[in-house]
There are 2 protein chains.
Amino acid sequence: MKSLVSRCPIEEVMQVLSGRWPTLLIYYLKQGTKRFSDLRRDNPTISHKMLTLELRKLEDAGIVERTEFGGYPLRVEYQLTPAGHRLVPLIDALGEWWDTTSDTGAQSSPADTEPVIPNTVSRD
Amino acid sequence: MKSLVSRCPIEEVMQVLSGRWPTLLIYYLKQGTKRFSDLRRDNPTISHKMLTLELRKLEDAGIVERTEFGGYPLRVEYQLTPAGHRLVPLIDALGEWWDTTSDTGAQSSPADTEPVIPNTVSRD
DNA sequence: TCGTGGTTACAAAAAGGTGCGTAATTTACT
DNA sequence: AGTAAATTACGCACCTTTTTGTAACCACGA
């Protein structure tokens, strides 16, 4: 992982939220508790390795909580922590800012920005 | 540059703001107009290649405006656009969120989070 | 044998750094 | 006076580092 250049909170958050996946995962997790395989179905283009890595990162950042239910085919559930939930509106605000600034005419829903996932499914 | 996975504004903003530099550059630019060499002095660890690349990206995103004054030694000035200024508080909010969640005891300034740049200066 | 939620090793791709070249004018030195 | 060097904001080519993808493997129990 890239080391920090300054000791400022902004750079620290960005280190966690940077990249394609963190905000997407947060988006799906705000819908409620999800299992590993659920998240894979939600965004089919992430590799399982990336998914585990990103989930760990979000976990370490205190955004996501991992609950492991022991047993047979092994069940693990992921959900947003309270802090994670508090983060959601801030991210949404960024999305709305983007919508209003890069206003190329017609926009869709005002609040609750919704990712339209394509299906470039990569089987493995 | 990585292509988008979904067509959602959040992913689009994050594509612009992701990485170590965008937020740092915005931070320094909110202090006012800066020249290329000023920004290099502000954060000595960025290479000129990265700086131009990141500035272009911010320019394309409508966050930063580039003004070129002809003549030689050629002078160029960078400043936040109105949209860029509107973005600043949103980014600051993320910093504050981080501060309040990862609260490891003592914190510094409440608002106006300030990067403390180190001086691993690389001359070139 | 399959499915779950991983880990590990290796390969590919992307990001980033380094150094050189460039322009026209000023300043520095001889 | 004449030459040389420095200046500013890059672009380009090459090379290294980091990130991400791929595939194989593991455990367990149904």
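All chains are named by letter (A, B, ...) in the order of the sequence lines, taking the proteins before the strands, and each is independently numbered beginning at 1. Since this is a predicted model, take the numbers as computed values, not measurements.
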In short, B/L90 meets A/A93 closest at the heavy-atom pair CD1-O, 3.7 Å
* To do: Measure across B/L25 and B/E54 and return the closest heavy-atom pair with its distance rounded to 0.1 Å.
  =>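 Closest heavy-atom pair between B/L25 and B/E54: CD1-CB, 3.8 Å.
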[X] vs [N]: side-chain N/O to OP1/OP2 distance below 4.0 Å:
X: B/S37; N: D/dA9; answer: yes
X: A/R35; N: C/dG5; answer: yes
X: B/Y78; N: D/dC10; answer: yes
X: B/R66; N: D/dC10; answer: yes

Between [atom2] on [N] and [atom1] on [X], what's the gap in Å once rounded to a whole number?
X: B/R20; N: D/dT18; atom1: CZ; atom2: C1'; answer: 11 Å
X: B/L51; N: C/dG16; atom1: CG; atom2: P; answer: 13 Å
X: A/L74; N: C/dG5; atom1: CG; atom2: P; answer: 6 Å
X: B/R40; N: D/dT7; atom1: CZ; atom2: C1'; answer: 14 Å
X: B/W21; N: C/dG17; atom1: CH2; atom2: P; answer: 7 Å
X: B/E68; N: C/dA23; atom1: CD; atom2: P; answer: 15 Å
X: B/D42; N: D/dA9; atom1: CG; atom2: P; answer: 13 Å
X: A/F36; N: C/dT4; atom1: CZ; atom2: P; answer: 11 Å

Would A/K57 and A/D60 count as a salt bridge (charged side-chain N to carboxylate O under 4.0 Å, His left out) if you check the C-alpha gap in whole Å, the side-chain angles of each, and the deciding distance to 0.1 Å? CA-CA 5 Å; A/K57 195 171 65 171; A/D60 292 346; over 6 Å; no
Look at the side chain of B/W98 and the backbone N and O of A/M14, then say whether any donor-acceptor pair between them is shorter than 3.5 Å. no
**Request:** Determine yes or no for a side-chain-to-main-chain donor-acceptor pair under 3.5 angstrom, with B/T81 supplying the side chain and B/E65 the backbone.
**Result:**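 No.
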For a salt bridge (charged side-chain N to carboxylate O under 4.0 Å, His left out) check, start with the C-alpha distance between A/R35 and A/D42, then their side-chain angles and the critical distance, and finish with the verdict. CA-CA 10 Å; A/R35 297 181 50 182; A/D42 285 337; over 6 Å; no
**Prompt:** At what distance, to the nearest 0.5 angstrom, does CZ of B/R66 lie from CG of B/L55?
**Reply:**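 Those atoms lie 9.0 Å apart.
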**Message:** Quick check for you: to the nearest 0.5 Å, what is the distance between A/R20 atom CZ and B/Q15 atom CD?
**Reply:**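 It comes to 8.5 Å.
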Close N/O contacts between protein and nucleotides 7-10 of chain C (under 3.5 Å):
{"residue": "C/dT7", "atom": "O4", "partner": "A/H48", "partner atom": "NE2", "Å": "3.2"}

Margin query: What I'd like to find out is whether the side chain of B/F69 reaches to under 4.5 Å of the side chain of B/L74, using heavy atoms alone.
Written below: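 No, every pair of side-chain atoms sits at 4.5 Å or beyond.
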Margin query: Do A/Y27 and B/E11 have side chains that approach each other closer than 4.5 Å (heavy atoms only, starting at C-beta)?
Written below: no
By nearest-heavy-atom nucleotide on DNA chain D, the more 5' of A/E54 and A/G71 is A/E54
If you check every side-chain atom of A/M50, which of D/dG21, C/dG5, C/dT18 has the closest atom?
->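 Taking heavy atoms from C-beta onward, the closest nucleotide is D/dG21.
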Taking C/dA24, D/dG21, D/dC10 as options, the one with an atom nearest any side-chain atom of B/Y72 is C/dA24
**Message:** For DNA chain C, report each stem as range with range, ordered by first number, or say none. Use Watson-Crick or G-U wobble pairs under 3.5 Å, at least 3 in a row.
**Reply:**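 The stems that DNA chain C takes part in, listed by first number, are C:1-30 with D:1-30.
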For this session: Let me know, please, whether A/E77 or B/P73 comes out on the 5' side of the other along DNA chain C by nearest nucleotide.
Result: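 Checking each residue's closest nucleotide, the 5'-ward one belongs to A/E77.
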